[in-house]
Amino acid sequence: MDGIHDMGGMDGFGRVEREANEPVFHADWERRMLALSLAVPFAVPYSDDHLRREIERIPPADYLRSSYYEKWLIALESLMKERGIIPGGTVTLPVTPGAPIEAEAVADAIKGGFPTRRDDKEATARFVVGARVRARNIHPKHHTRLPRYVRGHEGVIHTDLGVFGFPDWNSEGKGHKPQHCYTVRFSQQILWGREAPAGDSLYVDLWEDYLEPA
Amino acid sequence: MAAGETMSADGKDPKQDHHHDHDHDAEEKGLALRVKTLETLLVEKGLVDPAALDRFVEEYETRIGPKNGARVVARAWTDPAFKQRLLTDATAAIRELGLSGLQGENMVAVENTERVHNVIVCTLCSCYPWPVLGLPPVWYKSAAYRSRVVKEPRGVLQEFGLEIPPGTEVRVWDSSAEIRYMVLPRRPAGTDNLSEAALAALVTRDGMVGTAAV
């Protein structure tokens, strides 16, 4: 969706403020929030696409006011409500929860990660490295990984990253739609005009459905 | 909170600041209570084990951080074959050092040279290579960084104290999909006699994001 989260290229946020010797967490509730977000999916499955969809639905003014972990809290509460795990809201995705992750399994679970690359054979690459492509001018109302600032612009396929599920479908529960994802290089002048230094470039990873031949 | 600091920096009435801090404290308490409530509910339902939550926190607060990435960089500086593997298949090369996992399932390392300076961002949320850099600092997740670094990278880098010469190409990597990036900074001059461990001690988090030189 064309939401506030899609910030690339916006003006008005001022300088990047940094904190010297910043701690990993600023409050104990942030520690618990990170841990909950990582532990809960073992018993009540949800993917990053689901979490991100919920974060992106936070109204813009609230989004800007909320800290990172506050957004996670809002999103996790929504996911648990729609799955009928905690009260409130409408249960749209009832689930039968599994077992919680045990303390001894945590380190290995972190190391293992959640690999999402799935090189399904039926997904053949539509573009080759070096091909000229255009980011499609589309405006989905749901979660998408196509940033607004590249839409309609021409770039070049830099790398074929392999096959991944299409997040626009994952987030909507429409099933696994495997397709190639590519690193696409855009000239900064194409994106931002002549004032951008010639020769500077921007690389962004885009799924095949976001691209058309140029 | 950053907003409070900005207010005083702008010379606003200190009473305003004071008032703001009270609101902030109340807000923090409210958030802490909400997280506690969520955790309690999930524990009661047997979906999370508090001991497992402690383990997640411990991992990210004490074991997983930029020191890991610094080892990768120091190895690349001292072992040309490793550097080649890192630039060809970063996920596998990083795994050689026992590093892998959540938010680093698919890694790409980009090399800074005399001619090219790389910087990473995630404009849509705050994707960051956790296994090598740990959890992201607040500024990396800020609206200011996410919005501006894709459009005016040289200006943002200048604010970080990094002046990129006009003849050096700036490449911005927006990690909008499933790849997580790290920058391989340039090895500082005069470090020929340093051991790998001594080199690792020189490598900073910002150096691996691309917002600082090492």
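Chain letters run A, B, ... following the sequence lines, proteins first, then strands; residues in each count from 1. Keep in mind it's a predicted model, so treat the numbers as computed, not measured.
Checked against B/Arg55 for a side chain to side chain contact (heavy atoms under 4.5 Å, CB included), the options A/Ile101, A/Leu38, A/Val106, A/Ile110 give a single hit: A/Val106. Of the options A/Thr116, A/Asp48, A/Asp205, a side chain to side chain contact (heavy atoms under 4.5 Å, CB included) to B/Glu178 is made by A/Thr116 and by none of the others.
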*Mind running salt bridge (Lys or Arg N to Asp or Glu O under 4.0 Å) on A/Asp11 and B/Lys151 for me, showing each step along the way?*
CA-CA 9 Å; A/Asp11 292 323; B/Lys151 188 181 189 178; 3.3 Å; yes
*asked:* As a quick check of understanding, evaluate side chain to side chain contact (heavy atoms under 4.5 Å, CB included) for A/Leu202 and B/Trp173, giving each step before the final call.
replied: CA-CA 6 Å; A/Leu202 182 129; B/Trp173 301 81; over 6 Å; no
_Stepwise side chain to side chain contact (heavy atoms under 4.5 Å, CB included) check, A/Phe186 with B/Asp174_ = CA-CA 11 Å; A/Phe186 294 90; B/Asp174 186 356; over 6 Å; no
*Checking side chain to side chain contact (heavy atoms under 4.5 Å, CB included) for the pair B/Thr123/A/Tyr149: CA distance, chi angles, key distance, verdict?*
CA-CA 10 Å; B/Thr123 59; A/Tyr149 71 88; 4.0 Å; yes
_As a quick check of understanding, evaluate side chain to side chain contact (heavy atoms under 4.5 Å, CB included) for B/Ser126 and A/Lys71, giving each step before the final call._
CA-CA 12 Å; B/Ser126 305; A/Lys71 293 185 196 103; over 6 Å; no
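With a 4.5 Å cut-off on non-hydrogen atoms, A/Ile74 touches chain B through its backbone and its side chain both. The contact between A/Val40 and chain B is made by backbone and side chain atoms together, counting heavy-atom distances below 4.5 Å. For chain B, no part of A/Ser37 is nearby; none of its heavy atoms comes within less than 4.5 Å. Proximity to chain A is absent for every atom of B/Pro131, based on heavy atoms less than 4.5 angstrom apart. Contact annotation for A/Pro197: only side-chain heavy atoms (C-beta onward) come within less than 4.5 Å of a heavy atom of chain B. There is no contact between A/Pro23 and chain B, counting heavy-atom distances below 4.5 Å. Contacts of A/Tyr210 with chain B are absent, with no heavy-atom separation under 4.5 Å from either backbone or side chain. Contacts between A/Ala196 and chain B at a heavy-atom distance below 4.5 Å are absent for every atom of the residue. The part of A/Leu161 that comes within reach of chain B is its side chain, from C-beta onward, which places non-hydrogen atoms under 4.5 angstrom from that chain. Neither the backbone nor the side chain of B/Pro166 comes within less than 4.5 Å of any heavy atom of chain A. Neither the backbone nor the side chain of A/Thr159 comes within contact range of chain B; no heavy atom of the residue lies under 4.5 Å from a heavy atom of that chain.
Closest heavy-atom contact between B/Leu47 and A/Pro100: O-CB, 3.2 Å. The two residues B/Leu42 and A/Met80 have their closest heavy-atom pair at CD2-SD, 4.2 Å. A pairwise comparison of heavy atoms in A/Ala107 and B/Glu59 identifies CB-OE2, 3.7 Å as the closest pair. Across B/Ser147 and A/Phe13, no two heavy atoms sit closer than the pair OG-CD1, 3.4 Å.
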Please list every donor-acceptor pair under 3.5 Å in which a side-chain atom of residues 92-99 of chain B meets a protein atom from a residue at least two apart or in another chain.
unit_1	atom_1	unit_2	atom_2	d
B/Glu96	OE1	B/Arg85	NH2	2.9
B/Glu96	OE2	B/Arg85	NE	2.7

Contacts table for residues 30-39 of chain B: side-chain donor-acceptor under 3.5 angstrom, sequence neighbours left out:
unit_1	atom_1	unit_2	atom_2	d
B/Arg34	NE	A/Glu77	OE2	3.1
B/Arg34	NH2	A/Glu77	OE1	2.8
B/Thr37	OG1	B/Leu33	O	2.7
B/Glu39	OE1	A/Arg32	NE	3.0
B/Glu39	OE2	A/Arg32	NH2	2.9

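For the set B/Tyr60, B/Trp130, B/Tyr145, B/Tyr140, the entry with the most heavy-atom pairs within less than 4.5 Å of chain A is B/Tyr60. Note on B/Pro50, B/Gly134, B/Gly101: by heavy-atom pairs under 4.5 Å with chain A, the leading option is B/Gly101. The residue among B/Pro153, B/Pro137, B/Ala51 with the most heavy atom pairs within less than 4.5 Å of chain A is B/Pro137. The candidate from B/Val138, B/Leu41, B/Val156, B/Asp49 with the greatest count of non-hydrogen atom pairs under 4.5 Å with chain A is B/Val138. For the set A/Arg52, A/Glu56, A/Glu19, the entry with the most heavy-atom pairs within less than 4.5 Å of chain B is A/Arg52.
Using modelled atom types, no side-chain atom of B/Arg146 and backbone atom of A/Asp6 make a donor-acceptor pair closer than 3.5 Å. A/Asp200 contributes a side-chain N or O that, together with a main-chain N or O of B/Val170, makes up a donor-acceptor pair within less than 3.5 Å. Here the side chain of A/Gln188 pairs a donor or acceptor atom with the backbone of B/Val150 at under 3.5 angstrom. Using modelled atom types, one side-chain atom of A/Arg145 and one backbone atom of B/Ser176 make a donor-acceptor pair closer than 3.5 Å.
With a 6.0 Å radius and a threshold of 12 heavy atoms from other residues, nucleotides or ligands, A/Arg15 has its CZ atom at or below the threshold.
Taking OG of A/Ser67 as the start and CD of B/Glu27 as the end, the distance is 8.5 Å to the nearest 0.5 Å. To the nearest 0.5 Å, atoms CD (B/Glu28) and CD (A/Glu30) are separated by 6.5 Å. In this structure, B/Leu102 CG and A/Phe114 CZ are separated by 6.5 Å, a value rounded to the nearest 0.5 Å. In this structure, CE in A/Met7 is found 8.5 Å from OG in B/Ser142, a value given to the nearest 0.5 Å. Interatomic distance, A/Tyr68 OH to B/Cys125 SG, rounded to the nearest 0.5 Å: 7.0 Å. In this structure, A/Tyr69 OH and B/Leu135 CG are separated by 4.5 Å, a value rounded to the nearest 0.5 Å.
B/Asn118 and A/Tyr203 form no side-chain donor-acceptor contact under 3.5 Å, judged by distance and modelled atom types alone.
Judged by a 6.0 Å distance limit and a 45° cone about the ring axis, A/Arg18 is positioned over the six-membered ring of B/Phe160.
Listed by first and then second residue, the salt bridge (charged side-chain N to carboxylate O under 4.0 Å, His left out) pairs that reach into residues 96-117 of chain A are A/Arg117-A/Asp119, sequence neighbours excluded.
Contacts between residues 205-214 of chain B and chain A, defined by a heavy-atom separation under 4.5 Å, are made by B/Asp206.
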